[in-house]
A.B. asks: 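Starting off with a structure, shown below.
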Amino acid sequence: AHNANASLRVENKSKIAKPTEITKLKSFVGVPEIPDHEKAKRYILNRNNVRYMNPELLKTGNHDANKILLFSFCIPGKGAEVKHGNPGLLCSAWWETMKVWYENVESDMKNVQVALVHSNKNYNFIDKRRSPHWLKIILLYAFLETDFKNDNGEKFSYSTVVFIDSDSVVRLPRWNIAKYINETMFSHVKLLLSQDASDFVSTGEIFAKRLIAPFLLDWYTRAPEFYG
């Protein structure tokens, strides 16, 4: 009787469907991978992933059509080379330094927001196959192309988005970024970068208007063809 019960238990277990490699593969057939630009949009829409310097701008309606966002991103961990040190140490320092500048000029720039995109992952949190510095391009695109909602459910978007590296800060305490954009980026200027002695241009500071978004996506998407 003991052996018969044991055999029955074994037989019953054998009838329970177990996942195989084939069934696992079937579950993914026909499900396209989410492209990076959509991942980036979803990421920044989650307010747990983005720290905003002026939360009040997210609560009520601001009907200014020329909203400006200045942002950086910060991830923990050391750089790829020893000389890069630990960029993650800059996260809090960047925020506190930018806060001093923002509080000085906030009353003159009602349409300007400052944000820090963050992650606890020490690699590219949108696509770990790519170097972290590509985040600046795809996040620029995402911030320009995303319709946000304030706490009242009203939609808003940014007409100009500015990225600066987390080792860069605003040096002039009364610098008005809105005025600078109006005086520098005329109607035909959609993208503004600083010059770099080594690489011709530097992506450490990028000013981008909404109409340049398709180019940013093309830049990001086609880069592997040229850089691997």
A.B. asks: For K209 and L191, indicate whether the former's side chain and the latter's backbone hold a donor-acceptor pair under 3.5 Å.
C.D. replies: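 The answer is no, because no donor-acceptor pair under 3.5 Å joins these two groups.
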A.B. asks: I'd like to know if the side chain of S119 and the backbone of I75 have a donor-acceptor N/O pair within less than 3.5 Å.
C.D. replies: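 Side chain of S119 to backbone of I75, a donor-acceptor pair under 3.5 Å: no, none is there.
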A.B. asks: Could you tell me whether a side-chain N or O of N111 sits under 3.5 Å from a main-chain N or O of N66, the two making a donor and an acceptor?
C.D. replies: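 At least one qualifying donor-acceptor pair exists.
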A.B. asks: In Å and rounded to the nearest 0.5 Å, what is the NZ to CE distance from K179 to M109?
C.D. replies: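 Rounded to the nearest 0.5 Å, the NZ-CE separation comes out at 12.5 Å.
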A.B. asks: F207 and ring-ring contact (aromatic ring centres under 6.0 Å, His included): which single residue from F71, Y158, Y180 fits?
C.D. replies: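 Answer after filtering F71, Y158, Y180: Y180.
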A.B. asks: Relative to Y220, does R130 satisfy both conditions: NZ or CZ under 6.0 angstrom from the six-membered ring centre, and within 45 degrees of the ring's axis?
C.D. replies: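 That pair qualifies as a cation-pi contact.
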A.B. asks: Is it true that K41 and D36 have a side-chain N and a carboxylate O under 4.0 angstrom from each other?
C.D. replies: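 No salt bridge links K41 with D36.
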A.B. asks: Might you work through the side chain to side chain contact (heavy atoms under 4.5 Å, CB included) test for V162 and L69, ending with a clear yes or no?
C.D. replies: CA-CA 6 Å; V162 181; L69 175 75; over 6 Å; no
A.B. asks: So do the side chains of Y141 and F215 get within less than 4.5 Å of each other, counting heavy atoms only?
C.D. replies: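 They are not in contact (no side-chain heavy atoms under 4.5 Å apart), so the answer is no.
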A.B. asks: Under 3.5 Å, is there a donor on one side chain and an acceptor on the other for R210 and T160?
C.D. replies: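 No, because no side-chain N or O of R210 sits under 3.5 Å from a partner of the opposite role on T160.
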A.B. asks: Donor-acceptor pair, distance only, cut-off 3.5 Å: does the side chain of D218 make one with the backbone of P214?
C.D. replies: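 Such a contact is absent between D218 side chain and P214 backbone.
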A.B. asks: Answer yes or no: is there an ion pair linking D108 with R174, defined by an N-O contact shorter than 4.0 Å?
C.D. replies: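 Answer for the salt bridge query: yes.
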A.B. asks: So, do E38 and E33 sit near enough that their side-chain heavy atoms are less than 4.5 Å apart?
C.D. replies: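 No, side chains not in contact.
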A.B. asks: Any luck finding a side-chain donor-acceptor pair between E205 and S168 under 3.5 Å?
C.D. replies: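 S168 and E205 do have a side-chain donor-acceptor pair below 3.5 Å.
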A.B. asks: Would you sort out whether W219 and L140 count as a side chain to side chain contact (heavy atoms under 4.5 Å, CB included), showing the intermediate values?
C.D. replies: CA-CA 12 Å; W219 181 3; L140 264 172; over 6 Å; no
A.B. asks: Could you check whether any side-chain N or O of D165 sits under 3.5 Å from a backbone N or O of D167, counting only pairs where one atom can act as donor and the other as acceptor?
C.D. replies: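 The answer is no, because no donor-acceptor pair under 3.5 Å joins these two groups.
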A.B. asks: Quick one: does M98's side chain get under 4.5 Å of W101's, heavy atoms only?
C.D. replies: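 They are in side-chain contact.
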A.B. asks: Looking at side-chain heavy atoms only, is the closest gap between I177 and L70 below 4.5 Å?
C.D. replies: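 Contact flag for I177/L70 side chains = yes.
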A.B. asks: Looking only at atom types and distance, does a side-chain atom of N152 sit under 3.5 Å from a main-chain N or O of E154, one as donor and one as acceptor?
C.D. replies: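 Side chain of N152 to backbone of E154, a donor-acceptor pair under 3.5 Å: no, none is there.
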A.B. asks: The test is side chain to side chain contact (heavy atoms under 4.5 Å, CB included); show your working for I206 and L192 and say whether it passes.
C.D. replies: CA-CA 6 Å; I206 307 175; L192 185 65; over 6 Å; no
A.B. asks: Looking at S202 and G204, would you say the former's side chain and the latter's main chain have a donor-acceptor pair under 3.5 Å?
C.D. replies: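 Yes: the side chain of S202 pairs with the backbone of G204.
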A.B. asks: Taking N54 as the fixed residue, which of Q113, K59, E106 is the one that meets the side chain to side chain donor-acceptor pair (under 3.5 Å) rule?
C.D. replies: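 So, applying the side chain to side chain donor-acceptor pair (under 3.5 Å) to N54 and each of Q113, K59, E106, only E106 qualifies.
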